[in-house]
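Report on one structure; see the data block that follows.
Atom set for the values below is all heavy atoms of this structure, side chains included, hydrogens, waters and symmetry mates excluded.
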Amino acid sequence: MKVQQLVETIGAEFYTGVPDSQLKPLCNYLMNTYGIDSLHHVIAANEGNCVGVAAGYHLATGKTPVVYLQNSGEGNIINPVASLLSDKVYGIPMIFIIGWRGEPGIHDEPQHIYQGEVTIRLMEDMDIKCFVIGKDTTDNEVANAMKEFESELASGKQVAFVVRKGALSDAPKVTYKNNYTMTREEIINHIVKISDEDPIVSTTGKASRELFEIRANNEQSHKYDFLTVGSMGHSSSIALGIAFNKPNQKIWCIDGDGAVLMHMGAMALIGSNKPNNLVHVVINNEAHETVGGMPTVAGNINLKDIAKACGYPYAVSVDNSVELNKELAAAKNRNDLSFIEVKCSIGARDDLGRPTTTALENKINFMGYLSEF
């Protein structure tokens, strides 16, 4: 289905969401049409945040908003759907557009498999009617589904279009870039070199894929790294839990700006507890680069000052390799919690692979290494 036809069929004036590779045609269409515009299109920090913004839009205008998300974000919307939107509470109508990763029968990464199995079930459990859009779905079928949805929306309920892989087409080409020069892979190479054999927890997406390939290219063991392939936004909390329980071992977290924004409360918890063996590195390319490069708000805020306000005793921001190496080395030797923001370009190698070990193998090997301390 052509993405413009989907937007015209839905007929909404306001969209908010968290970008998804499966919904890249929609994301690019919205960016090409509206950019970031508080009246028409907002990229939010997490999916629950989207629901709140969309609810506010409805309260202010009386109109029905659209929230787009990858199905992995369903967990973030369950609370506001059940306790805010529900027709048993405030009865706020909303249309969800959900990218269906891990659809049964379609090969996908391990973090998407179970989520894919329960995608429709979760929606139905929340009394949200769904219509699945596939490559062969016709415009008339979507239009008829939207007509059937109208009575649900009128009664203060929510509905969802669940989008299969490759179902949307004819997206405009949008180029996402910034003015920084260091690549994420270059930055991770520096971290690997200076951290030596310290354990590393890396965030979801291309950062973990690059870390895996760097270890392979260096002929190093993968036991040093926990690759957080799912649960976006939680790698720093995982690292914190490890740091608590391995107080005599330096622990590194390789994080991303989109992940930090998704669950920023983790920074408050880290800063409040001040584990002196944790180094929190945030690679900030101001983009959801792994799913297409759509912008985050990290280019409009000061992560270094936020870290300091959260209680990190040391926080710095760098944008070149000389300063990066200096700060990494200092953090390695510092007996205190450190925060390093590294400004980064958008993009990755076209031939970037994926981990060749399973998530379970990664966990077992990493736990075995931690047990040595």
Side-chain angles (χ1 to χ4, degrees), residues 10 12 14-23 26-27 42-59 64-104 108-133 149 152-153 155-164 203-205 228-238 258-266 268-269 288 291 296:
I10 290 173
F14 179 76
Y15 284 73
T16 180
V18 175
D20 168 40
S21 56
Q22 206 123 300
L23 298 179
L26 174 65
C27 296
V42 173
I43 296 177
N46 65 54
E47 294 81 3
N49 182 202
C50 297
V51 172
V53 171
Y57 169 84
H58 172 76
L59 293 174
T64 301
V66 177
V67 169
Y68 62 87
L69 64 148
Q70 185 182 112
N71 55 343
S72 62
E74 284 182 321
N76 285 336
I77 70 170
I78 287 175
N79 174 261
V81 167
S83 62
L84 175 69
L85 304 188
S86 172
D87 61 336
K88 296 179 175 62
V89 190
Y90 291 106
I92 297 176
M94 202 164 291
I95 300 169
F96 294 103
I97 301 179
I98 302 171
W100 196 353
R101 296 296 302 269
E103 179 185 355
D108 213 322
E109 299 307 306
Q111 66 270 28
H112 298 301
I113 293 173
Y114 183 66
Q115 183 70 56
E117 292 175 4
V118 301
T119 292
I120 302 295
R121 192 190 317 163
L122 285 174
M123 292 291 101
E124 291 175 343
D125 285 347
M126 290 189 287
D127 197 26
I128 296 175
K129 286 192 174 181
C130 297
F131 180 83
V132 177
I133 299 176
F149 282 167
E152 296 287 305
L153 296 168
S155 63
K157 292 188 175 184
Q158 302 79 49
V159 299
F161 289 102
V162 180
V163 180
R164 288 183 163 132
T203 189
T204 188
T228 316
V229 295
S231 61
M232 180 174 170
H234 294 300
S235 59
S236 62
S237 297
I238 296 168
V260 164
L261 291 167
M262 184 162 281
H263 295 295
M264 193 176 278
L269 185 63
H288 289 284
V291 295
T296 70

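For the pair L122 and Q115, the minimum side-chain heavy-atom distance is below 4.5 Å. Using a 4.5 Å cut-off on side-chain heavy atoms (C-beta onward), D20 and Y68 make no contact. Between Y57 and I92, every side-chain heavy-atom pair lies at or beyond the 4.5 Å cut-off. Side-chain contact between L23 and Q70 is absent, with no heavy-atom pair separated by less than 4.5 Å. In this structure the side chain of I120 reaches within 4.5 angstrom of the side chain of W100, judged on heavy atoms. Proximity of V67 to E47: side-chain heavy atoms (C-beta onward) are nowhere separated by under 4.5 Å. Between V18 and N76 there is no side-chain heavy-atom pair separated by less than 4.5 Å. Under the 4.5 Å side-chain criterion, counting only non-hydrogen atoms from C-beta, T228 is not in contact with H234.
To the nearest 0.5 Å, the span separating CD1 on I133 from CD1 on I98 amounts to 11.0 Å. Going from atom CD of Q158 over to atom CG of D87 covers 7.5 Å, rounded to the nearest 0.5 Å. Atom CZ of F149 and atom SG of C130 lie 7.0 Å apart (nearest 0.5 Å). K157 NZ to L85 CG: the interatomic distance, rounded to the nearest 0.5 Å, is 13.5 Å. The distance from atom CE of M264 to atom CG of L269, rounded to the nearest 0.5 Å, is 14.5 Å. If you take NE2 on H288 and CD1 on I43, they are separated by 6.0 Å, rounding to the nearest 0.5 Å.
In terms of heavy atoms, P104 sits closest to G116 at CD-O, 3.7 Å. Nearest heavy-atom pair, P65 versus A54, reported as atom, atom and distance to 0.1 Å: CG-O, 3.4 Å. When all heavy atoms of S21 and R101 are compared, the pair lying nearest together is OG-NH1, 3.3 Å. Minimum heavy-atom separation, V66 to A12: CG2-CB, 3.5 Å. In plain terms, the two heavy atoms of M94 and A55 that are nearest each other are CE-N, 3.7 Å. Nearest approach of N49 to A44, heavy atoms of both residues: OD1-CB, 3.3 Å.
Partner Y15 forms a side-chain contact (heavy atoms from CB on, under 4.5 Å) with one of I10, V42, I95 and no other, that one being I10.
Residues satisfying the side-chain hydrogen bond (donor to acceptor under 3.5 Å, both in side chains) test with E117, not counting sequence neighbours, are none.
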### Message
What verdict does the side-chain contact (heavy atoms from CB on, under 4.5 Å) test give for S236 and H263, after you've listed the backbone C-alpha separation in whole Å, the side-chain angles of each residue and the deciding distance to 0.1 Å?
### Response
CA-CA 10 Å; S236 62; H263 295 295; over 6 Å; no

